[in-house]
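A short write-up of the structure that comes next.
All values below come from the heavy atoms of this structure, side chains included, with hydrogens, waters and symmetry mates left out. Nothing fancy with the numbering, it's 1 onward along the sequence.
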Amino acid sequence: MAEAADIQGTGPSPARRWLRRTVTVAFGAPLLAGLLQAPVVAAPAAGAEDGTGSRTVDVSLDTLAPSAPVAGDTVTVTGTVTNRGKKTVTDATVNLRVGPRMTSRSEIEQVTGRTGFRNDSDPAPLEGAPTVKIPRLGAGLSADFSLSVPVSELKLDEEGVYQLGVSLTGQTSDRQYDRVLGIERTFLPYQPEATEKKTQVAYLWPLIASAHVSAQTATDDQQTPVFEDDALAAELGPGGRLDELVSLGKNLPVTWVVDPDLLASVDAMANGYRVKDGDLDVPGRYQAVAERWLDALEKAVQGHKVVALPFADPDLASLAHRGKDVPGSLGHLQSATALAGMTVETVLHVPASTDFAWPADGAVDPSIAAVATSAGADKVIARSDSVRDDLPYTATAARPLGNGSTTAVVSDALLSTAFEGDMVRAESSTLAVQEFLAQSLAITLEQPEDQRSIVVAPQRMPTAAQAQAMATALEGLSGRRWTQPTDLLAAAAAKPDPDASTTVPSGSRYPKALRDRELPVQAFRDMKTTRDELNDFKVVLTQPERVVTPFGNAISREMSTSWRGEARAAAIYRNNVLDYLQTLTKGVQLVDKSDLTLSGRSATIPVTVQNKLLQGVGNLVLRLTSANKNRLEVNGDRYAELPVKVGGGHSQSVKFPASANVNGQVTMTAQLYTEDGTPYGQPMDFTVKVSEITPTVMLVIAGGVLLLVLAGVRMYSQRKRVAARNADAEAAEDAAAAEDDTASEPGQDESGEEESPGDEPVQPSDPTPDTGPESGDPSGTGEKVDR
């Protein structure tokens with residue numbers, strides 16, 4: 001019946017459903033209770049720990065001293081434990097765990113990658129060592145600890161690298177049995193006596209910054225540089241990134257790798273600079289800061305090797321992958337290299353090597369290697385994760401690359417990237433330092449009978465905290481028990497390992513993450529546009545060096561490696577450079593003209609060239625072209641050209657002879673050209689209205705003028721005859737009166753001279769008009785045509 005009911009869809013009755021639930025609960029409850037109570041009855045074996053519970057408490061190792069102990073030392077570890085779980089931790093104990101000696105660098109890497117506690121690989125707590133008891137640690141709360149133990153009690157059987165762990169064992173309310181709730185691991189390099197063969201370590205100390213100087217300069221004779229912002233001052237000031245690098249590096253055995261643009265920028269600040277402020281620029285405020293930093297750096301580099309990168313640290317990979325096919329790009333790399341050594345020696349007064357090229361992150365492929373050496377460098381700083389050695393040990397850094405004309409200096413990837421993380425937290429710095437020291441000792445112990453030379457090339461622009469961690473690591477090697485310092489030049493000259501790889505990796509192996517951060521092709525096209533306009537502009541200047549130098553340096557900065565990951569900022573910088581150049585080029589321009597009227601067959605048409613620059617311009621030609629030669633000719637042809645030379649801040653009116661043939665309007669085009677025929681600036685159009693006078697009109701006008709002249713002559717003759725008659729009458733009266741007094745000789749006047757009755761007074765001619773010299777003042781808009 002039940003099956004029938006189910007088939008028919010009627011289902012069991014409510015009473016039966018209640019009965020089934022009751023039975024299920026009755027039989028299931030004891031089983032569930034047993035499962036829940038099982039942990040309380042018996043704790044599982046520690047080896048069954050799944051890792052989740054061992055991350056309940058975060059163990060932070062803040063200090064470990066000494067970082068590389070010797071016999072007789074006492075190792076002290078301090079730190080903090082923090083309960084990250086939701087339950088209170090009770091009856092907790094912090095203790096040390098010292099592992100067995102490690103036999104390879106890869107084993108160190110494996111330990112670094114572990115997180116939770118693993119019973120099969122983590123050693124047991126050190127017997128007899130001090131512990132720290134923490135009775136209660138609430139959720140989210142922290143407690144400090146400090147553990148000290150003599151080296152003799154660490155059970156370090158022989159020289160080598162040991163795992164050192166600090167763990168917290170305790171209970172929680174839901175699991176009331178002792179288990180590892182948190183652990184942190186680090187490394188203890190133990191080499192109490194100096195090895196017979198020490199590994200030579202060349203550590204690069206980079207002084208590189210992003211671009212801050214614009215292409216703009218002030219109008220003074222010194223051409224005071226104008227900075228995009230004042231952000232560089234924060235890096236130079238006390239506690240700043242660049243200040244820390246100098247303060248720390250002066251006491252370390254390092255090779256200084258310098259971007260000459262940074263030195264030039266700080267030197268400009270020290271000698272007085274200006275900073276953009278909207279559309280204006282204002283005096284910079286940190287001249288003293290720059291002076292202090294430069295003085296400290298000059299002292300710090302004394303006695304050290306200095307390597308100068310090409311000016312502004314150009315992005316070699318971007319140039320090789322995106323820019324080499326854009327004309328002129330490689331030429332800027334050559335000029336940047338030529339400027340490098342001179343800049344360093346001028347500012348720091350020390351010689352610098354310019355033989356090294358340093359691609360981003362040491363990643364190379366055939367095109368990068370070719371570009372890197374195209375400007376004269378014959379050594380490329382690569383990295384071991386790019387040029388890989390299939391060897392069971394770490395090979396010497398130097399080796400011939402490709403066809404042997406280039407030397408690759410292959411930096412060790414693990415050591416070079418050891419301090420790339422956030423080193424602000426004490427734990428991060430401590431762990432990084434200990435791993436660095438452990439890896440360096442492991443390198444020496446790989447082939448103790450052979451001396452090798454390795455290179456460490458850290459990130460280009462380490463933070464202040466990263467620099468401090470790097471310095472701590474180098475201080476840890478100061479005992480020189482398994483390493484000895486060398487410089488990059490010596491490392492590059494070291495005898496290569498015959499088994500080391502000399503093959504340049506293919507382009508397909510270049511990391512995508514790095515390729516995605518390269519400058520785009522458009523960036524190099526923008527640089528070419530700026531370069532072309534600069535070349536056109538400089539030929540017209542009387543002092544081209546005032547423009548070529550700041551703009552040439554700005555184009556080099558546009559190619560800087562520091563723009564990686566800053567695509568928008570890079571584009572803004574490029575646009576600012578080009579906009580400012582175009583502003584200058586527009587300073588030499590044609591003054592707009594209003595329409596003109598030409599009355600007559602010939603005249604001169606003036607065109608004004610204005611120079612708003614502070615320096616004079618020349619090597620320019622002004623061409624005036626008629627759109628209708630049959631109606632209006634310029635100097636007897638369709639167009640005419642005249643040379644132009646204008647002083648700074650002045651204008652010049654250039655006058656073209658023109659002749660009209662037919663009445664009507666003619667469009668005239670004025671255009672400046674350089675002497676090689678390249679158009680300069682924008683053309684200017686204006687209209688000339690020709691009103692030619694015909695021969696008939698000329699005849700009528702001439703007749704009218706003649707009638708006026710004849711009328712004037714007639715009036716003049718009539719007046720002269722009247723005057724003569726009046727004179728005769730007066731003479732007759734005088735003669736009659738004189739007869740009464742004295743008889744006079746006939747035909748003579750009172751003076752006794754003979755008078756000619758037919759003579760008349762002569763009309764003096766008009767004086768010659770004064771003609772002043774032609775005005776040299778510029779003619780402006782709406783000027784009249786000179787005839």
Side-chain angles (χ1 to χ4, degrees), residues 207-243 245-246 258-297 309-314 332 336 339-340 343-344 346-348 460-461 523 526-527 530 534 545-564 566 568-584 614:
L207 280 183
I208 301 172
S210 56
H212 293 278
V213 183
S214 72
Q216 185 175 342
T217 58
T219 58
D220 53 5
D221 292 338
Q222 294 76 24
Q223 285 190 273
T224 300
V226 178
F227 282 55
E228 293 284 353
D229 51 53
D230 230 346
L232 186 58
E235 297 187 61
L236 300 173
R241 185 181 70 85
L242 294 172
D243 179 68
L245 283 168
V246 172
V258 181
D259 175 8
D261 179 39
L262 172 60
L263 300 184
S265 300
V266 182
D267 186 61
M269 292 177 66
N271 288 284
Y273 68 108
R274 301 185 71 82
V275 180
K276 288 184 179 181
D277 184 11
D279 295 334
L280 304 175
D281 55 82
V282 297
R285 299 178 297 163
Y286 298 100
Q287 182 175 353
V289 172
E291 289 177 344
R292 184 194 65 81
W293 187 84
L294 272 185
D295 181 66
L297 176 59
L309 299 174
F311 190 89
D313 187 23
H332 253 285
L339 185 60
T343 302
V344 173
T346 300
V347 177
L348 296 182
R460 270 177 151 74
M461 294 191 288
D526 293 344
M527 296 175 206
T530 303
L534 177 63
E545 67 280 356
R546 288 181 63 91
V547 173
V548 172
T549 298
F551 276 98
N553 291 342
I555 295 174
S556 294
R557 295 183 185 106
E558 293 176 2
M559 205 180 296
S560 175
T561 307
S562 65
W563 296 120
R564 282 184 170 248
E566 301 289 341
R568 183 174 181 274
I572 291 174
Y573 185 85
R574 293 194 302 271
N575 290 337
N576 287 344
V577 172
L578 180 57
D579 288 347
Y580 182 60
L581 176 60
Q582 291 175 341
T583 299
L584 293 180
L614 297 178

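When all heavy atoms of Ser265 and Phe227 are compared, the closest pair comes out as O-CZ, 3.4 Å. For Tyr580 against Ala215, the heavy-atom pair with the smallest separation is CE2-O, 3.9 Å. In plain terms, the two heavy atoms of Leu309 and Pro260 that are nearest each other are O-CD, 3.0 Å. For the pair Leu339 and Phe311, the tightest heavy-atom approach, listed with the atom from each and the gap, is CD2-CD1, 3.5 Å. Residues Val577 and Glu558 share a closest heavy-atom pair of CB-OE2, 3.4 Å. Here the closest non-hydrogen pair linking Ala231 and His212 is CB-CE1, 3.8 Å.
Judged purely by atom type and a 3.5 angstrom limit, Thr561 uses its side chain to pair as donor or acceptor with the backbone of Pro314. Between the side chain of Trp293 and the main chain of Ala233, no donor-acceptor pair closer than 3.5 Å is present. No side-chain donor-acceptor contact under 3.5 Å links Asp295 to the backbone of Glu291.
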Contacts under 3.5 angstrom, residues 269-277 side chains, donor-acceptor by atom type, not counting sequence neighbours:
unit_1: Asn271; atom_1: ND2; unit_2: Asp267; atom_2: O; d: 2.7
unit_1: Asn271; atom_1: ND2; unit_2: Asp267; atom_2: OD1; d: 3.4
unit_1: Tyr273; atom_1: OH; unit_2: Asp230; atom_2: OD1; d: 2.8
unit_1: Tyr273; atom_1: OH; unit_2: Asp230; atom_2: OD2; d: 3.3
unit_1: Tyr273; atom_1: OH; unit_2: Arg285; atom_2: N; d: 3.3
unit_1: Tyr273; atom_1: OH; unit_2: Tyr286; atom_2: N; d: 3.1
unit_1: Arg274; atom_1: NE; unit_2: Asp281; atom_2: OD1; d: 2.3
unit_1: Arg274; atom_1: NH2; unit_2: Asp281; atom_2: O; d: 2.8
unit_1: Arg274; atom_1: NH2; unit_2: Asp281; atom_2: OD1; d: 3.4
unit_1: Lys276; atom_1: NZ; unit_2: Glu228; atom_2: OE1; d: 3.3
unit_1: Lys276; atom_1: NZ; unit_2: Glu228; atom_2: OE2; d: 3.3

Less than 3.5 Å apart, which donor and acceptor atoms pair up between the side chains of residues 549-556 and the rest of the protein, not counting sequence neighbours?
unit_1: Thr549; atom_1: OG1; unit_2: Glu545; atom_2: O; d: 3.4
unit_1: Asn553; atom_1: ND2; unit_2: Thr549; atom_2: O; d: 3.4
unit_1: Ser556; atom_1: OG; unit_2: Gly552; atom_2: O; d: 3.3

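When side chains are defined from C-beta on, Leu232 counts as touching Glu235, because their heavy atoms get closer than 4.5 Å. Inter-residue side-chain proximity for Pro238 and Arg292 is flagged as met; some heavy-atom pair is nearer than 4.5 Å.
Here Leu262 contributes atom CG and Leu236 contributes atom CG; the two are 7.0 Å apart, rounded to the nearest 0.5 Å. The structure places CG of Asp261 at 9.5 Å from OG of Ser210, a figure rounded to the nearest 0.5 Å. From Leu294, atom CG reaches atom CG of Leu263 across 7.0 Å, with rounding to the nearest 0.5 Å. Rounding to the nearest 0.5 Å gives a distance of 11.0 Å between CE of Met559 and CZ of Arg574. From Leu207, atom CG reaches atom CG of Asp313 across 12.0 Å, with rounding to the nearest 0.5 Å. To the nearest 0.5 Å, the span separating CZ on Arg460 from CD1 on Ile208 amounts to 5.0 Å.
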Hey, mind stepping through Asn576 and Ser214 against side chain to side chain contact (heavy atoms under 4.5 Å, CB included) and telling me if it holds?
CA-CA 8 Å; Asn576 287 344; Ser214 72; over 6 Å; no

Given side chain to side chain contact (heavy atoms under 4.5 Å, CB included), test Leu297 with Val258 step by step and report yes or no.
CA-CA 11 Å; Leu297 176 59; Val258 181; 5.8 Å; no

